[in-house]
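A note on names: the letters A, B, ... follow the listed sequences, proteins ahead of strands, and every chain is numbered from 1. Values reported hereafter were calculated over all heavy atoms of this structure, with side chains retained and with hydrogens, waters and symmetry mates removed.
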2 protein chains.
Amino acid sequence: MEELHRSGCPINLTLEILGDRWSLIVIRDIMFGNRRHFRELLQNSQERIASNILADRLRRLVDRGLLTREDDPTHKQKAIYSLTEMAIDLVPLLAQMGAWGRKHLPVSEELSIRAELLENGGQALWNDFMEELRAKHLGKQLPPGTPSVLAGLTKAYLDVLAKKAGCSVLAENDTGAPAGHQGQKYGENAV
Amino acid sequence: MEELHRSGCPINLTLEILGDRWSLIVIRDIMFGNRRHFRELLQNSQERIASNILADRLRRLVDRGLLTREDDPTHKQKAIYSLTEMAIDLVPLLAQMGAWGRKHLPVSEELSIRAELLENGGQALWNDFMEELRAKHLGKQLPPGTPSVLAGLTKAYLDVLAKKAGCSVLAENDTGAPAGHQGQKYGENAV
DNA sequence: CCAAACTGATTGCGTTTTGCAAGCAGTTGA
DNA sequence: TCAACTGCTTGCAAAACGCAATCAGTTTGG
């Protein structure tokens, strides 16, 4: 019988799985960047993850039940990585991490807009986003006509990018409405 | 000019500070265990942190603005470590980590009771707890008569311990009221 | 039909971090 | 005076990390 865990504390057990500098980066990219293949994760990585580290983390996350790996029917060599319910449940944690980082660390504007929207949307937005992830990764059916949270986040990100670029070229990207706002469905900082 | 950060993403920047297996354990013990001295952190550590790792983490956390270190006036060699506002702001993150661990990992009953209370208390309880931490670590004044959140969490922990011990000796620790409940101030799973 | 590009990785190798045990100089309290 | 306590440091082996190059099989474009 081997010593499996340092302690039974929930925070410690969570750290034993997620307590390194790459695991949550990989999950973030799959979750918010919709990267489902090895090369997508490797080449679009903002933080330039090394391929051996990526391979190791994907293996570990599959082992530990946060990801599943399946063959891509369109390509005999391709693997598709999907989030499990366990990983989808990390949405509130990632939202809190983003909020804390935004408040205390030197974040860049374009990369923090999604964190800001997620923070302001509160639990209601997180729940909608998690339902969307369940549809995308677990095959769960979604009510038709459901607006995509991820699309909203991505649009806001691109709008900031365009605006920043526009400052030095042409400021022509304003649509009139503030980026990312979708009516009044989600409260600002709901408690 | 050196490369300081892998990217400006809030989640990444947070991981650059907290993304290891010990930093949040140290903060947890100072925050919930009220350990303020090196030896307290070393010897009461559930996870048996090594002294060189502890020394390194304390130094790093002070460097990065999460802790302060000051001399203890009662002992020329003693150092007192205190949380900064930056660290106190981690309460919601730690609460989410605890909630996730409780849901998905093999936590022990006595070590997860505090996480459960913190989760059920929601933002309102977190705010009260943070105010209490500001009083303890930053010298902020608290309205007189304020009940201690930490005391409630600790009592619940000890009650579970006593009940577990009592099962094999004498089951005499029940007070009638469920452990940790303090009237109806904090909602269950408020959204 | 063949070469180029793409697929998910693996290998080699040097550096950094971790983990464990022991030790240390100064301080305190009995 | 002396044992216990204070915040660490040191030495050393093992593991993890990070980088660059590479690999074999698959698909695609000409």
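Checking Ser23(A) against Arg60(A) by side-chain atom types alone, no donor-acceptor pair falls below 3.5 Å. Checking Glu132(A) against Thr146(A) by side-chain atom types alone, no donor-acceptor pair falls below 3.5 Å.
At dT9(D), one or more side-chain N or O atoms of Arg59(B) fall inside 4.0 Å of OP1 or OP2 (strictly under the cut-off).
Put simply, chain A comes within 4.0 Å of DNA chain C, heavy atom to any atom, from dT7(C) to dG12(C), going 5' to 3'.
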Mind running salt bridge (charged side-chain N to carboxylate O under 4.0 Å, His left out) on Glu110(A) and Lys163(A) for me, showing each step along the way?
-> CA-CA 10 Å; Glu110(A) 73 274 15; Lys163(A) 184 180 281 181; over 6 Å; no

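When rounded to the nearest whole Å, the span between CD of Glu40(B) and P of dA4(D) equals 20 Å. Per the geometry, CG belonging to Leu58(B) stands 14 Å off C1' belonging to dT9(D), to the nearest Å. Whole-Å rounding puts the Leu54(B) CG to dG7(D) C1' distance at 10 Å. Atom CG in Asp71(B) sits roughly 15 Å away from atom P in dT6(D) (whole-Å rounding). Spacing between atom NE2 of His75(B) and atom C1' of dC5(D) amounts to 6 Å, rounded to whole angstrom units. Here dG7(D) presents its P atom at 14 Å from CD1 of Ile49(B), a figure rounded to the nearest Å.
Between Tyr157(A) and Phe32(A), the distance separating the two ring centers is not shorter than 6.0 angstrom.
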Identify each atom pair where a protein N or O and an N or O of nucleotides 16-18 of chain D are less than 3.5 Å apart, giving names and distance.
unit_1  : atom_1 : unit_2   : atom_2 : d
dC17(D) : OP1    : Arg57(A) : NH2    : 2.6
dC17(D) : OP2    : Arg57(A) : NH1    : 3.4
dC17(D) : OP2    : Arg57(A) : NH2    : 3.0
dG18(D) : OP1    : Arg21(A) : NH2    : 3.0
dG18(D) : OP2    : Trp22(A) : NE1    : 2.6

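Ranked by how close their nearest DNA chain D nucleotide is to the 5' end, Gln43(B) and Ser51(A) are led by Gln43(B). Nearest-nucleotide mapping onto DNA chain C: of Phe38(A) and Arg39(B), the residue sitting toward the 5' end is Phe38(A).
At a threshold of 4.5 Å between non-hydrogen side-chain atoms, the residues Leu117(A) and Arg114(A) do not count as touching. Inter-residue side-chain proximity for Thr84(A) and Leu67(A) is flagged as unmet; no heavy-atom pair is nearer than 4.5 Å.
When each of Arg28(B), Arg21(B), Gln46(B) is tested with Asn12(A) by the rule side-chain contact (heavy atoms from CB on, under 4.5 Å), just one qualifies, namely Arg28(B).
Both tests pass for Arg6(B) against the ring of Trp22(A): distance under 6.0 Å to the centre and angle within 45° of the axis.
The closest donor-acceptor contact from the side chain of Thr14(A) to the backbone of Met97(B) lies under 3.5 Å.
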